[in-house]
Protein chains: 2
Amino acid sequence: MEQLKTEILTGDCLEVLKNHPDNSFHLIVTSPPYADSRNNTYGGIKPDNYVKWFMPRAKEFLRVLRDDGTFILNIKEKAVNGERHTYVLQLILEMRLHGWLWTEEFVWHKKNCYPGKWPNRFRDAWERCLQFNKSKNFNMYQQEVMEPVGEWAKSRLKNLSATDKIRNNSNVGSGFGKNVSNWLNRDKAYPTNVLHFATECNNKTHSAVFPKALPRWFIKLFTKEHDWVLDPFAGSGTTCEAAQEMNRNSVGIEILAEYCDLAKEKTSKSQNRLLNNHSSVSGIGGLF
Amino acid sequence: MEQLKTEILTGDCLEVLKNHPDNSFHLIVTSPPYADSRNNTYGGIKPDNYVKWFMPRAKEFLRVLRDDGTFILNIKEKAVNGERHTYVLQLILEMRLHGWLWTEEFVWHKKNCYPGKWPNRFRDAWERCLQFNKSKNFNMYQQEVMEPVGEWAKSRLKNLSATDKIRNNSNVGSGFGKNVSNWLNRDKAYPTNVLHFATECNNKTHSAVFPKALPRWFIKLFTKEHDWVLDPFAGSGTTCEAAQEMNRNSVGIEILAEYCDLAKEKTSKSQNRLLNNHSSVSGIGGLF
DNA sequence: GTTCCGCATGAATCGATAG
DNA sequence: ACTATCGATTCATGCGGAA
């Protein structure tokens with residue numbers, strides 16, 4: 001079997017991605033720098049300039065993403081002048097004009113969001129995970145993220161009611177009665193578009209990143225083993241770490257050298273285990 | 001004390017509201033007909049025409065809302081052609097151009113969302129509750145919606161790191177650090193902008209578009225007793241019923257006569273109960 | 001009286017079929 | 001080709017009758 005690769009590249013993804021071929025990634029999942037934060041990088045993007053700053057990068061993402069791939073964008077607008085800023089809304093509209101399909105908007109419910117109090121708003125306990133695609137026929141492996149059903153099912157499934165059977169079989173004689181058998185052994189259900197993940201607030205080195213569970217969930221849902229995952233704003237490398245643990249190849253791009261070091265350290269730890277048996281792994285030229 | 005009023009008016013709110021004076025409502029909370037649904041009323045609004053249909057009504061809402069009032073709009077875009085439609089995003093942008101402030105976006109998490117399975121998406125378990133205001137200085141009674149502190153919150157506060165506390169104090173010198181220490185001894189906490197309400201979908205009581213708990217929450221948060229609440233798309237009168245139970249005056253407008261009858265029945269029942277007890281409907285030591 | 005358990009229902013969405 | 005209708009899919013909730 002092929003050697004798994006995890007690459008951390010330093011630089012602005014707008015430039016770095018130019019070295020990557022078209023249609024090469026199955027999934028892009030990222031949490032870009034929010035407007036007005038990370039002032040020392042990317043020139044400190046102001047909310048009003050966010051769309052303009054993001055779009056050329058989105059164009060590169062569109063190019064390197066496979067036609068059956070998915071782009072997950074974790075983002076949330078900040079409150080400016082007492083209002084929610086509109087740059088995320090405008091970004092969605094703009095991306096659609098440039099060929100992206102806005103397939104879905106997942107809500108990441110942050111169960112343990114930061115405490116605080118303001119006179120005119122409550123704590124912000126959710127972020128958007130926007131799903132974009134290049135085509136309607138994208139890969140989705142729903143069974144990989146099924147969850148245990150609620151308590152109600154235990155009693156419910158003891159006896160299937162007559163109406164359940166009636167409703168399932170309905171009138172048309174076309175289909176098999178397969179639903180009933182599915183239900184009888186069912187202990188898992190498909191999730192919804194609301195995700196409940198706690199933030200990892202004890203992370204001292206790199207705050208404000210998403211918890212590893214978040215990229216892990218989307219990697220499970222949209223890729224198979226040995227597929228290629230890209231995080232163009234890799235930060236401390238959470239996405240690449242998750243990808244590596246799940247036997248996916250990945251590329252992480254990060255403009256800040258210190259974060260790159262962190263990311264490399266994270267991902268090389270696991271790789272060292274591999275390296276005991278094999279030869280070199282990372283190496284920029286060897287990827288494509 | 002003044003007699004409490006609950007009015008159900010039949011007609012299109014665009015017309016009916018013309019008879020109402022400026023600056024008369026403290027809160028507008030409503031769930032308008034979603035695009036492509038309720039085909040027999042309002043001409044069956046197509047997604048592409050939604051903003052155009054909504055805006056003249058939004059203009060009336062702006063007029064009748066008090067300067068310190070709030071407009072809560074419960075809405076969710078549908079999936080069209082494999083994509084989320086953008087009419088809600090465009091509506092937000094358009095309303096801002098016409099004088100509304102987009103203060104906040106609450107997420108209503110529907111724990112018991114509609115079942116189903118599709119190859120390209122999961123069940124939709126959330127809707128938007130968009131908060132609009134006329135001014136930054138709107139009324140908000142946060143203490144009225146405080147919730148019991150869950151176990152997770154207790155552990156979260158225990159684990160506040162030293163740097164967390166330092167940052168709290170330094171950021172907003174006026175009250176933030178103080179509030180954190182207050183939290184430690186509280187058994188109640190302020191909620192977040194994610195609301196968890198199950199839909200009321202059983203057949204006995206006439207099912208409402210949103211559960212009564214939803215308007216109730218916003219009425220508590222944004223009005224005092226005897227304030228005026230408006231629901232311009234009243235449906236079966238859930239908002240007015242909630243308002244009445246909480247000693248708020250309310251006006252509900254609904255275009256469908258049959259829904260109006262339902263709404264009148266709901267709200268007259270409670271009034272009869274109160275009237276039978278004689279004395280002022282809104283007596284302080286009365287129902288609540 | 002409690003608790004348990006059966007069960008209809010819902011702002012849904014897709015794909016196939018019909019006009 | 002484009003639009004309208006229809007069937008299939010599926011999960012959590014609260015009511016009400018039963019134990």
Side-chain angles (χ1 to χ4, degrees), chain A residues 103-105 136-138 140 142-143 146-194, chain B residues 30-42 44-48 50 73-85 87-88 108-129 196-214 233-236 238 256 259:
Chain A
T103 307
E104 179 58 302
E105 179 171 347
K136 290 178 194 169
N137 300 312
F138 52 87
M140 194 179 196
Q142 300 189 354
Q143 67 284 357
M146 291 186 80
E147 299 167 347
V149 294
E151 289 300 311
W152 61 270
K154 287 173 184 160
S155 56
R156 177 73 174 84
L157 291 177
K158 278 180 189 168
N159 297 326
L160 276 184
S161 71
T163 47
D164 275 339
K165 291 168 186 168
I166 290 168
R167 284 181 68 176
N168 282 338
N169 292 336
S170 193
N171 40 17
V172 181
S174 65
F176 295 99
K178 63 191 176 197
N179 323 328
V180 178
S181 60
N182 279 348
W183 273 76
L184 286 174
N185 296 324
R186 182 70 60 91
D187 58 346
K188 294 192 172 187
Y190 292 100
T192 71
N193 59 1
V194 176
Chain B
T30 196
S31 196
Y34 289 7
D36 244 342
S37 60
R38 294 180 71 172
N39 280 324
N40 297 329
T41 63
Y42 303 104
I45 316 118
K46 294 280 174 282
D48 290 343
Y50 199 85
L73 180 62
N74 167 227
I75 197 167
K76 181 66 188 265
E77 58 271 40
K78 37 180 307 171
V80 176
N81 256 337
E83 277 188 281
R84 286 285 160 200
H85 201 282
Y87 57 87
V88 175
W108 168 28
H109 172 217
K110 298 185 288 186
K111 291 176 64 183
N112 59 340
C113 63
Y114 201 92
K117 183 184 185 308
W118 307 276
N120 56 344
R121 67 179 65 248
F122 290 132
R123 294 170 291 148
D124 191 6
W126 68 285
E127 296 190 11
R128 307 176 194 275
C129 290
H196 305 270
F197 295 118
T199 58
E200 298 163 354
C201 65
N202 40 347
N203 55 349
K204 276 301 175 183
T205 62
H206 191 277
S207 58
V209 290
F210 46 27
K212 210 192 319 185
L214 196 62
F233 306 100
S236 62
T238 308
L256 274 187
Y259 281 119

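By convention in this document, chain letters (A, B, ...) are assigned in the order of the sequence lines, proteins followed by strands, and residues within each chain are numbered from 1. Side chains included, hydrogens not; waters and symmetry mates left out as well; all remaining heavy atoms used.
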Colleague: To the nearest Å, how far apart are B/Asp36 CG and D/dT3 C1'?
Modeller: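 Atom-to-atom, B/Asp36 to D/dT3, this comes out as 11 Å.
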Colleague: Over how many whole Å does the gap from B/Asp48 atom CG to D/dT3 atom P extend?
Modeller: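 These atoms are roughly 11 Å apart.
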Colleague: Taking protein heavy atoms under 4.0 Å as touching, what does nucleotides 12-19 of chain C look like 5' to 3' if B marks base contact, S marks sugar-phosphate-only contact and - marks none?
Modeller: BBSS----
Colleague: Just jot down the ring pair (Phe, Tyr, Trp, His ring centres under 6.0 Å) partners of B/His85, sequence neighbours excluded, or say none.
Modeller: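 For B/His85 the ring pair (Phe, Tyr, Trp, His ring centres under 6.0 Å) partners, ignoring immediate neighbours, are B/Tyr87.
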Colleague: Not counting sequence neighbours, which residues clear side-chain hydrogen bond (donor to acceptor under 3.5 Å, both in side chains) with B/Lys76? List them please.
Modeller: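 Per chain and number, B/Lys76 pairs via side-chain hydrogen bond (donor to acceptor under 3.5 Å, both in side chains) with B/Asp124.
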Colleague: Could you state the atom-to-atom distance from NZ of A/Lys188 to C1' of D/dT10 in whole Å?
Modeller: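 It is 18 Å, rounded to the nearest whole Å.
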Colleague: Please list, chain by chain and in numerical order, all residues satisfying side-chain hydrogen bond (donor to acceptor under 3.5 Å, both in side chains) with B/Lys117, sequence neighbours excluded.
Modeller: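 Applying side-chain hydrogen bond (donor to acceptor under 3.5 Å, both in side chains) to B/Lys117 gives A/Gln142.
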Colleague: Does a salt bridge link B/Arg84 with B/Glu77, judged by any charged N lying under 4.0 Å from a carboxylate O?
Modeller: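 No salt bridge links B/Arg84 with B/Glu77.
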Colleague: Can you name the side-chain hydrogen bond (donor to acceptor under 3.5 Å, both in side chains) partners of B/Thr199, sequence neighbours left out?
Modeller: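 Expected list: B/Asn112.
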Colleague: Quick one: A/Met146 CE to D/dT9 C1', roughly how many Å, whole number?
Modeller: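 Atom-to-atom, A/Met146 to D/dT9, this comes out as 13 Å.
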Colleague: Whole Å only: how far is the CD atom of A/Gln142 from the P atom of D/dC11?
Modeller: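 My rounded result for the distance is 11 Å.
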Colleague: To the nearest angstrom, how far is B/Glu127 atom CD from C/dG10 atom P?
Modeller: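 Nearest whole value for this atom pair: 15 Å.
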Colleague: Using side-chain contact (heavy atoms from CB on, under 4.5 Å) as the criterion, list what pairs up with B/Glu83, not counting sequence neighbours.
Modeller: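 If we apply the side-chain contact (heavy atoms from CB on, under 4.5 Å) test to B/Glu83, skipping adjacent residues, the hits are A/Arg96, A/Leu101, A/Trp102.
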Colleague: Report the residues that fulfil side-chain hydrogen bond (donor to acceptor under 3.5 Å, both in side chains) with B/Glu127, sequence neighbours left out, ordered by chain and then residue number.
Modeller: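 So B/Glu127 forms a side-chain hydrogen bond (donor to acceptor under 3.5 Å, both in side chains) with B/Tyr34, B/Asn74, B/Lys110.
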Colleague: Once you round it to whole Å, what is the distance between P of D/dA8 and CZ of B/Arg123?
Modeller: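 Answer to the nearest Å: 20 Å.
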Colleague: Considering residues at least two apart in sequence or located in another chain, which fulfil the ring pair (Phe, Tyr, Trp, His ring centres under 6.0 Å) criterion with A/Phe138?
Modeller: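 If we apply the ring pair (Phe, Tyr, Trp, His ring centres under 6.0 Å) test to A/Phe138, skipping adjacent residues, there are no hits.
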Colleague: Which ranges of DNA chain C pair up as stems, where a stem means three or more consecutive Watson-Crick or G-U pairs with both distances under 3.5 Å?
Modeller: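 Correct response: C:2-10 with D:11-19, C:12-19 with D:2-9.
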